[in-house]
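Just below is one structure, and these are the notes that go with it.
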2 protein chains.
Amino acid sequence: MTVTLADVAARAQVSPATVSRVLNGNYPVAASTRERVLKAVDELDYVLNGPASALAAATSDLVGILVNDIADPFFGIMASAIQAEIGGPGGRAGGERLAVVCNTGGSPERELTYLTLLQRQRAAAVVLTGGAIEDAAHQAAMDAKVRKLGEAGTRVVLCGRPPAPDTGAIALTFDNRGGGQELTEHLIGLGHRRLGYIAGPEERTTTRHRLEGHRAALAAHGIEEDPRWTVHGRYDRRSGYEATLELLRRDPSLTAVVAANDSVALGACAALRDSGLRIPEDVSVAGFDDLPFSIDAVPSLTTVRLPLAEAGARAGRIAMGREEAPPGGIASVRGELMVRGSSGVPRAS
Amino acid sequence: MTVTLADVAARAQVSPATVSRVLNGNYPVAASTRERVLKAVDELDYVLNGPASALAAATSDLVGILVNDIADPFFGIMASAIQAEIGGPGGRAGGERLAVVCNTGGSPERELTYLTLLQRQRAAAVVLTGGAIEDAAHQAAMDAKVRKLGEAGTRVVLCGRPPAPDTGAIALTFDNRGGGQELTEHLIGLGHRRLGYIAGPEERTTTRHRLEGHRAALAAHGIEEDPRWTVHGRYDRRSGYEATLELLRRDPSLTAVVAANDSVALGACAALRDSGLRIPEDVSVAGFDDLPFSIDAVPSLTTVRLPLAEAGARAGRIAMGREEAPPGGIASVRGELMVRGSSGVPRAS
DNA sequence: AGCGTTGCAGCAAGCGCTTTCTATATACGG
DNA sequence: CCGTATATAGAAAGCGCTTGCTGCAACGCT
């Protein structure tokens, strides 16, 4: 059998209670006793039984991080920052926590199931990252779950996700609308009047907000949008490639393509190049997020930098109760326009 | 208080044992009874207590995935594939498992601590991804942990990691040596004789194997390597940029730069461009891994494709006992040379 | 009719830990 | 010196679930 607390206690000639207290360090134990116990633990190579401990203490040291797509650096970067703050091992003092990231793959059911699993494990905290799915039923279900988690003592933090009112969850949202607007205004400022837009999946808050910002900019400058100028797709390169081809087919006179994110923008660049168009001389391209590879594109990508790591770190700290929640439980995180080589003045038409 | 099994039992007018059996579906229960129980579960919105269940059953539904850097798509892609197979929720039938990915950040201590945490949680399986750290003490500690996990019933699978003999762990290793050799041979075949090499961090198996492959190719063609041609760095773009500048400083006559991975190669491309050199006319560049963005580089990157997703999926299946382990518990996964625009014949010297 | 099967359900004993309460020993003030 | 704080250790009662075993009908066989 595996070594138990009792074995350690026997070896150290103390009661199990004392061993538990030494291990948790939440009760005075004489230095000499502590040493004896620690020695026994070491000698027996004892490893605490997590489930038993969680059961008895009615809390666990698990912290969940939900992401839509773990293969996407957008989420990878946030998850990494969150996890670093959760402490995981290697973090600083305090109870060691197992920060785990769960990949929902963008599926509503998975999202919910993971939340249940986390609830089942009596997670200490949960951080939900990325845009939410805009489906009334699903949102209601999510809100209910979140509320229940909160009631059970699990701290819930939303990072890069719109607030969920009345659920008690702290929200750190990205100002996707503002960023989208700023980006398109930059393009308009350069002289563009015919701008294609490659949006993300339809029922996502991120998609909608970025698109709204784009449209707000157009509206602010009296540019009437042609419905043909918007195409929806996934948040990946492939989708950007195809959507760009489609855009070009619909209206070859476009002088700029705004993409839902950097990966999509890269796909757009590839499609433009393959169509014999130069960037930015013939068509300007803009992305969103400013992921690490964006600067390496040729020409480098004009985009909106989102402070992914910073926001993640903050979310992690809040989840651990090491930083105060923002007033009202909601904070909006702004992006920063990064003007680079992929955007320029439009070609003479 | 939260709802417990007993509450459900009371409501369904059966014993707790019966409820447990309905939930686990591992014991015959009359259909009518089952329905009554399920109804009660639903009405009370009951969620199983994970720790209690794990304690009583002496196993948990946790599966750990250890990665070196979650923000790196190399790991993200593998993790994603593994997780998809583990089932997480959304997967197919069978007990639902919580697949969690743990980010070691490449730190030996974290790696060990996470393993302990997973052991503490009585994880059902653990998948270790990526290169191992070459430090005798650390390796011994890891091996001991892995062995212990195995003894405790946790299935351990190594994915893209060298085998750990006598630990009982199944290993799916990447043929980094072979891939590295093939890549360099391609360059030599094009006529290159002065090749710079940007290696990864010193004490990593992946770094060493790729470098060994490179050197084997040089040796096979009677090319004597100048020690100045090798620079070590991290596995990121920045490091590739700096290393390339250093390489150029040491020997401007180099006609090719082989990078430890694609990110590094991208950095190398940037450095070359910034130095006024054309790719591949002046200097050829090659990467490793074939991450999604590699094809988007301009020119697109010659590299060695590693079947990250496939290997991950297989590792996941093995971890779940849904696929047989390879004979001897070890399988080598080969990479595939992808010749693209970044490599060409060397310039006339 | 008698009796071994079979199919379902319940009993109850833990799983290994935490924690409240109690006990003992030492220290302190008067 | 004694009564009472003050440390420190132990006893024991669970935490909520699983599961081996027992119980009891209904069933089929000879």
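Keep in mind that this is a model prediction, so the values were computed, not measured. Throughout, protein chains are lettered first and strands after them, A, B, ... in sequence-line order, and every chain is numbered starting at 1.
- For B/Arg34, the salt bridge (Lys or Arg N to Asp or Glu O under 4.0 Å) test picks out no residue, with sequence neighbours left out.
- Taken from OG1 in B/Thr173 to CG in B/Leu158, the straight-line distance is 9.0 Å, to the nearest 0.5 Å.
- Computed from coordinates, the B/Leu5 CG to C/dC11 C1' distance equals 15 Å when rounded to whole Å.
- B/Ala331 pairs by the side-chain contact (heavy atoms from CB on, under 4.5 Å) definition with B/Leu172, B/Arg314, B/Pro326, not counting sequence neighbours.
- End-to-end axis angle of the helix from C/dA1-D/dT30 to C/dG30-D/dC1, from C1' rotation axes over five pairs per end: 40° (rounded to 10 degrees).
- By the side-chain hydrogen bond (donor to acceptor under 3.5 Å, both in side chains) test, B/Thr18 pairs with B/Ser15, sequence neighbours left out.
- For residues 132-141 of chain A, every residue pair satisfying the side-chain hydrogen bond (donor to acceptor under 3.5 Å, both in side chains) rule, not counting sequence neighbours, is listed here: A/Glu111-A/His138, A/Glu134-A/Arg208.
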Using atom names, set out every protein N or O paired with an N or O of nucleotides 19-28 of chain C below 3.5 Å, distance rounded to 0.1 Å.
residue : atom : partner : partner atom : Å
C/dT20  : O4   : A/Arg21 : NH1          : 3.2

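- Looking at residues two or more places apart in sequence or on another chain, you find no salt bridge (Lys or Arg N to Asp or Glu O under 4.0 Å) involving B/Arg21.
- Contacts of B/Thr104 classified as side-chain hydrogen bond (donor to acceptor under 3.5 Å, both in side chains), with partners at least two apart in sequence or in another chain: B/Asn68.
- Evaluation of the salt bridge (Lys or Arg N to Asp or Glu O under 4.0 Å) rule for B/Arg317 yields B/Glu85, B/Glu323 as partners, not counting sequence neighbours.
- Judged by closest nucleotide on DNA chain C, B/Gln13 is the one of B/Leu55 and B/Gln13 placed further toward the 5' end.
- Atom pair B/Gln121:CD and C/dC17:P shows a separation of 13 Å (rounding to whole Å applied).
- Only A/Val29, A/Ala30, A/Thr33, listed by number, bring a heavy atom of residues 29-53 of chain A to less than 4.0 angstrom from any atom of DNA chain D.
- For B/Lys148, the salt bridge (Lys or Arg N to Asp or Glu O under 4.0 Å) partners two or more places apart in sequence, or in a different chain, are A/Asp45.
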Counting only pairs under 3.5 Å, give me each side-chain donor-acceptor contact of residues 118-125 of chain B, with atom names and distances, residues two or more places apart or in other chains.
residue  : atom : partner  : partner atom : Å
B/Gln119 : OE1  : B/Lys145 : NZ           : 3.3
B/Gln121 : NE2  : A/Asp61  : OD1          : 3.3
B/Arg122 : NH1  : B/Gln119 : O            : 2.9

